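Keep in mind that this is a model prediction, so the values were computed, not measured. Start at 1 and go down the list; that is how both ligands and their atoms are numbered. The first residue in the sequence is number 1, and the count goes up from there.
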Amino acid sequence: MRIDVLTIFPDYLAPLDLSLVGKARRSGLLDLAVHDLRDWTADRHRTVDDTPFGGGAGMVMRPDVWGEALDAVLADDDAGQPAVLLVPGPGGEVLTQRTAEELAGARRLVIACGRYEGIDARVAEHYATRPGVEVREISIGDYVLNGGEVAALVVIEAVARLLPGVVGNPESLVEESHGAAGLLEYPVYTKPPEWRGHAVPEVLTSGHHGKVARWRRDRALERTAARRPDLLARLAPDALDPADRRV
Ligand SMILES: N#Cc1ccccc1Cn1ccc2ccc(-c3cc(N)[nH]n3)cc21
């Protein structure tokens with residue numbers, strides 16, 4: 001997968017050189033480039049914003065600069081494959097694991113990180129009409145950030161870890177929260193077997209794999225029912241077996 005990020009703060013994306021995403025980039029599993037939007041400005045002040053039509057506080061990011069940048073980045077495509085243009089914004093579709101799975105199936109993501117009061121609305125309108133480009137405005141939650149960079153980091157991590165070969169043990173993607181099982185994760189424990197008077201549940205040291213699996217399923221169901229009953233409601237009817245009804 002190829003990901004291009006456009007931002008006026010390239011250093012904000014420095015964490016993408018670290019950990020699993022950094023390793024995926026270095027191993028060639030993920031082709032990721034961060035671009036400074038100001039490289040496509042034409043004035044000596046490298047201006048990317050202007051006052052809003054209709055008045056109001058703050059500044060709006062200029063469509064002409066974004067147009068030059070996105071045209072250049074989208075043109076740089078070896079296979080002419082469809083690209084998903086992601087525009088982080090507080091009014092976008094809220095990112096879920098399902099969204100991440102969809103985006104992980106794309107060949108290419110271009111992430112337009114806005115700042116100020118956002119990007120001129122005509123940019124998204126224009127590229128939505130561009131053949132081979134799907135525009136999606138993405139929110140990472142119902143709170144307001146100062147720009148799209150943090151959202152870009154979240155999206156990239158959630159997507160990259162789903163790419164084949166990025167996570168060491170793909171089985172771990174199944175049992176984690178919001179994973180294939182659609183439940184919250186069960187509680188995990190490691191050594192020592194007792195810590196400050198807190199013992200590890202005995203079943204986990206029993207060596208009985210069937211009982212361990214049942215215990216973990218029960219705890220995942222309990223947690224989901226207690227903290228996120230909405231997730232249970234979304235489960236496919238056949239996702240729960242008779243033994244689950246006990247919880
Ligand atoms: N747009 C806008 C806007 C509108 C009102 C107030 C502040 C901003 C700041 N802003 C500029 C770019 C940008 C990108 C993403 C978010 C964002 C995402 C989530 N999930 N929350 N906030 C905010 C962003």
Task: Closest protein heavy atom (residue, atom, distance) for atom 20 (N) of ligand 1 - done: I140 N, 3.0 Å

Task: Per-atom contacts of ligand 1 with Y143, taking only distances under 4.0 Å to non-hydrogen atoms - done: 19 (C), 20 (N), 21 (N), 22 (N)

Task: Derivation of the side chain to side chain donor-acceptor pair (under 3.5 Å) call for D50 and Y116 - done: CA-CA 10 Å; D50 207 332; Y116 307 100; over 6 Å; no

Open item on the list: Counting only nitrogen or oxygen atoms and a 3.5 angstrom limit, does A151 reach ligand 1?
Closed with: no

Task: Option of least heavy-atom distance to atom 2 (C) of ligand 1 (set: E149, R115, E117) - done: E117

- [ ] Give the residue, atom name and distance (to 0.1 Å) of the protein heavy atom nearest atom 11 (C) of ligand 1.
- [x] Y116 O, 3.4 Å

Open item on the list: Between R214 and D244, does any NZ, NE, NH1 or NH2 come within less than 4.0 Å of an OD or OE carboxylate oxygen?
Closed with: yes

Open item on the list: Looking only at protein heavy atoms, which one is nearest to atom 22 (N) of ligand 1, and what is the separation?
Closed with: L145 N, 2.9 Å

- [ ] Just jot down the ligand 1 atoms closer than 4.0 angstrom to any heavy atom of P88, in number order.
- [x] 14 (C), 15 (C)

Task: side chain to side chain contact (heavy atoms under 4.5 Å, CB included) partner of H45, the single match among T41, V48, D43 - done: D43

TODO: With rounding to the nearest 0.5 Å, note down the distance linking CG in L86 to CG in L6.
DONE: 11.5 Å

Task: Salt-bridge contact D218-K211 (side-chain N to carboxylate O under 4.0 Å) - done: no

Open item on the list: For V60 versus I119, what's the shortest heavy-atom pair and its separation?
Closed with: CG1-C, 4.2 Å

Task: Donor-acceptor contact below 3.5 Å, side chain R25 vs main chain L32 - done: yes

Task: Enumerated ligand 1 atoms positioned under 4.0 Å from heavy atoms of S139 - done: 20 (N)

Task: Atoms in ligand 1 with a heavy atom of G114 nearer than 4.0 Å - done: 12 (C)

Open item on the list: Looking at every non-hydrogen atom in both residues, tell me the closest pair between L16 and V21 and how far apart they are.
Closed with: O-CG1, 3.7 Å

Open item on the list: Is there a polar contact, in the sense of an N or O pair closer than 3.5 Å, between V144 and ligand 1?
Closed with: no

TODO: Check ligand 1 against G141 and write out every atom of the ligand that is under 4.0 Å from a heavy-atom position of the residue.
DONE: 20 (N)

TODO: Give a yes/no on ligand 1: does G89 have at least one heavy atom closer than 4.0 angstrom to it?
DONE: yes

TODO: Please write down residue, atom name and distance for the protein heavy atom closest to atom 1 (N) of ligand 1.
DONE: G118 CA, 3.6 Å

Open item on the list: Please work out, at 4.0 Å between heavy atoms, whether the side chain, the backbone, both, or neither of P90 comes within that distance of ligand 1.
Closed with: both

Open item on the list: Within this structure, what is the CG-CD1 distance for the pair L13 and I3, rounded to the nearest 0.5 Å?
Closed with: 10.5 Å

